[in-house]
Amino acid sequence: MVHTFQALGVNVAVDVNSGAVHVLDELTYHLLEQVKPPMAEHCPEEVCQTLSRYAPAALEEAWQELRRLTAEGLLFEEDDYIDREKAASMQQQALVKALCLHVSHDCNLRCKYCFASTGDFGTGHRLTMDAETAKRAIDFVIAKSGHRRNIEVDFFGGEPLMAMDTVKRAVEYARSIEEAHGKCFRFTITTNGVLLDDETIEYINREMSNAVLSLDGRKAVNDDLRPTINGKGSYDVIVPKFRKLIEGRGTKDYYLRGTFTRFHQDFAEDVKALAAIGKNISVEPVVGKETDPYALQEADLPALKAEYERLAEYLRDHPETNFFHFNVDLAQGPCVIKRLRGCGAGCEYVAITPEGDIYPCHQFVGNEEYKLGSLYDGSFDQALSGTFAALNIYTREECRSCWARFYCSGGCSASNLLVNGDIKRPHRVGCELERKRLECAIALKAIAAGMGA
């Protein structure tokens, strides 16, 4: 499978199975569109006639170059993993190596698109995790991680700063036992910033390897989508605190993380606004049911794709801005299991609620059909976890023929369930946007490498 596209003034061909990326001149680009392997020794007469605007000698030269790339395994490569037995032989019961620790099912904002029902995850009651449950969660991931040394814990909500004492107790406990168990914990916190103060900023910058700072871009957009409980805007309260936290991060990771919805589709402008606050940015499309007023629809796709192009043009001219969704490694990329299976929700990664219930990820919380177990009764549904472990780009029927499959790894199971009612069936709008993001990302990488305009 070879995918060809044009973006940012360059002609690109991606050989899906080898991972090779080629930037082509106009003639070779149009010639490749006519090729059906196996390639003949010389450019066929019918192809020359179709591309008669080019000189025969030039066509033959380009044809031989494509033959050379094919011989070197850089074009029209076979899929090494498509054999069902190979796909099925992947590790089925993965080791749990990452936690999304819901220390708070409460929030001090009322975001219009919140998948967590503004903090309580649809339960109707708001609560925070106690230190005992947090410690049990740390013990759980140590026990489930087997030989894995590095463990990720993301403090999440709701708003985790509303349970800051639990956060501190959990970090302290993990640090006190990690060496004895041969583990190394890496902590992340995701916050809306309302409760940040100097003490908390100092703590986050000292203890958290990553900080995800929720902000939706421009003041007007953020205040429309992310009001406080009393309906007022949150931007002016949050941004000075985020600036101070970022200034103190040093070389540690952080991301300004926004969401764009149907209400505000010119999200490139929000990326620009965030870039004035910090260089590391993630602005992602909202996911919602078709009946949700903020949900992106198929009718929005042309405008959204054009907006990604505008964003890519901006980032081409501002390489100091690090946009998460345009980060793609063309040289090596993730390991084979990651490429085939993706995020690992439900098997390598789980979410734990304030009550100690275990779910495949934060977006499954509250869906009892997908509850994996509990820290308090010691249960863990290995069969359900195995169902998630078995998900890959070959067990998802629509992914098998998609050129982007080794980059997106099958997409988000929770989004698939929300939109289509099936964790295996990809979300069409999300897939279209993912493919467009990848085209922009690959074109940007090619230009940065001096391969194109």
Side-chain angles (χ1 to χ4, degrees), residues 1-83 86 305 308-309 312-313 315-317 319 326-336 339-340 393 399-409 431-432 434-453:
M1 178 183 288
V2 176
H3 175 64
T4 58
F5 64 93
Q6 296 172 309
L8 300 176
V10 294
N11 306 310
V12 181
V14 178
D15 186 62
V16 175
N17 294 323
S18 71
V21 174
H22 309 282
V23 174
L24 308 173
D25 59 29
E26 180 184 289
L27 182 158
T28 309
Y29 178 80
H30 291 301
L31 177 61
L32 182 56
E33 291 181 317
Q34 303 296 318
V35 174
K36 292 183 179 179
M39 295 182 70
E41 186 175 350
H42 297 286
C43 187
E45 181 62 30
E46 61 270 21
V47 173
C48 291
Q49 290 177 355
T50 300
L51 299 175
S52 59
R53 62 187 180 276
Y54 299 110
L59 283 169
E60 180 64 23
E61 181 181 359
W63 183 267
Q64 295 305 323
E65 176 62 14
L66 294 179
R67 275 172 50 85
R68 181 186 67 80
L69 293 171
T70 301
E72 293 177 0
L74 301 176
L75 272 180
F76 305 116
E77 270 294 274
E78 296 294 324
D79 188 343
D80 288 339
Y81 306 109
I82 202 166
D83 186 314
K86 289 182 180 178
K305 290 180 180 181
Y308 272 120
E309 287 268 1
E313 290 170 357
L315 294 172
R316 176 192 59 197
D317 300 331
F326 283 172
N327 287 339
V328 58
D329 186 346
L330 301 184
Q332 184 174 0
C335 68
V336 171
R339 293 175 72 201
L340 300 186
I393 58 176
C399 296
R400 294 183 186 180
S401 59
C402 176
W403 73 267
R405 62 184 182 271
F406 290 123
Y407 294 97
C408 89
S409 308
C431 289
E432 288 287 330
E434 174 70 11
R435 285 189 282 264
K436 185 60 183 179
R437 282 197 299 270
L438 282 167
E439 288 183 347
C440 290
I442 291 168
L444 281 170
K445 286 288 186 181
I447 291 169
M451 300 168 65

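These numbers come from a predicted model, not from an experiment. Counting from 1, the numbers follow the sequence of the chain as shown.
- M1 CE to D79 CG: the interatomic distance, rounded to the nearest 0.5 Å, is 8.5 Å.
- Once rounded to the nearest 0.5 Å, the distance linking OG1 of T4 with NE2 of H22 reads 12.0 Å.
- Here the NZ-CD distance, from K305 to E439, works out to 8.0 Å after rounding to the nearest 0.5 Å.
- For residues 30-53, there are no salt bridge (charged side-chain N to carboxylate O under 4.0 Å, His left out) pairs, not counting sequence neighbours.
- The backbone N or O of E77 lies less than 3.5 Å from a partner atom in the side chain of N17, making a donor-acceptor pair.
- Checked against ring-ring contact (aromatic ring centres under 6.0 Å, His included), H3 has the following partners two or more places apart in sequence or in another chain: F5, W403.
- With sequence neighbours left out, F76 forms a ring-ring contact (aromatic ring centres under 6.0 Å, His included) with no residue at all.
- With hydrogens and angles ignored, the 3.5 Å screen pairs no side-chain donor or acceptor of W63 with any backbone N or O of M39.
- Sequence neighbours left out, the pairs with a member in residues 59-72 that pass salt bridge (charged side-chain N to carboxylate O under 4.0 Å, His left out) are E65-R68, R68-E72.
- Shortest non-hydrogen contact noted between Q6 and N11 is NE2-OD1, 2.9 Å.
- In this structure, the side chain to side chain contact (heavy atoms under 4.5 Å, CB included) partners of A58, at least two apart in sequence or on a different chain, are L27, A55.
- When side chains are defined from C-beta on, Y407 counts as touching V14, because their heavy atoms get closer than 4.5 Å.
- Between C43 and C48, the shortest heavy-atom distance links the atoms SG-SG, 3.5 Å.
- Take T70 and apply the side chain to side chain donor-acceptor pair (under 3.5 Å) test, not counting sequence neighbours, and it matches no residue.
- For E309 against L8, the heavy-atom pair with the smallest separation is OE1-N, 4.0 Å.
- In this structure, L31 and A62 approach most closely via the heavy-atom pair CD2-CB, 3.6 Å.
- Qualifying side chain to side chain donor-acceptor pair (under 3.5 Å) partners for E434, counting only residues two or more places apart in sequence or in other chains: R437.
- For the side-chain contact (heavy atoms from CB on, under 4.5 Å) with V35, the lone residue among L66, V2, L75, V47 that qualifies is L66.
- Every residue meeting the side chain to side chain contact (heavy atoms under 4.5 Å, CB included) condition with C440, not counting sequence neighbours, appears here in chain and number order: Y308, A312, F326, K436.
- Y29 meets the ring-ring contact (aromatic ring centres under 6.0 Å, His included) test with no other residue; sequence neighbours excluded.
- Nearest heavy atom pair, residue R405 against residue C402, reads NH1-O, 3.1 Å.
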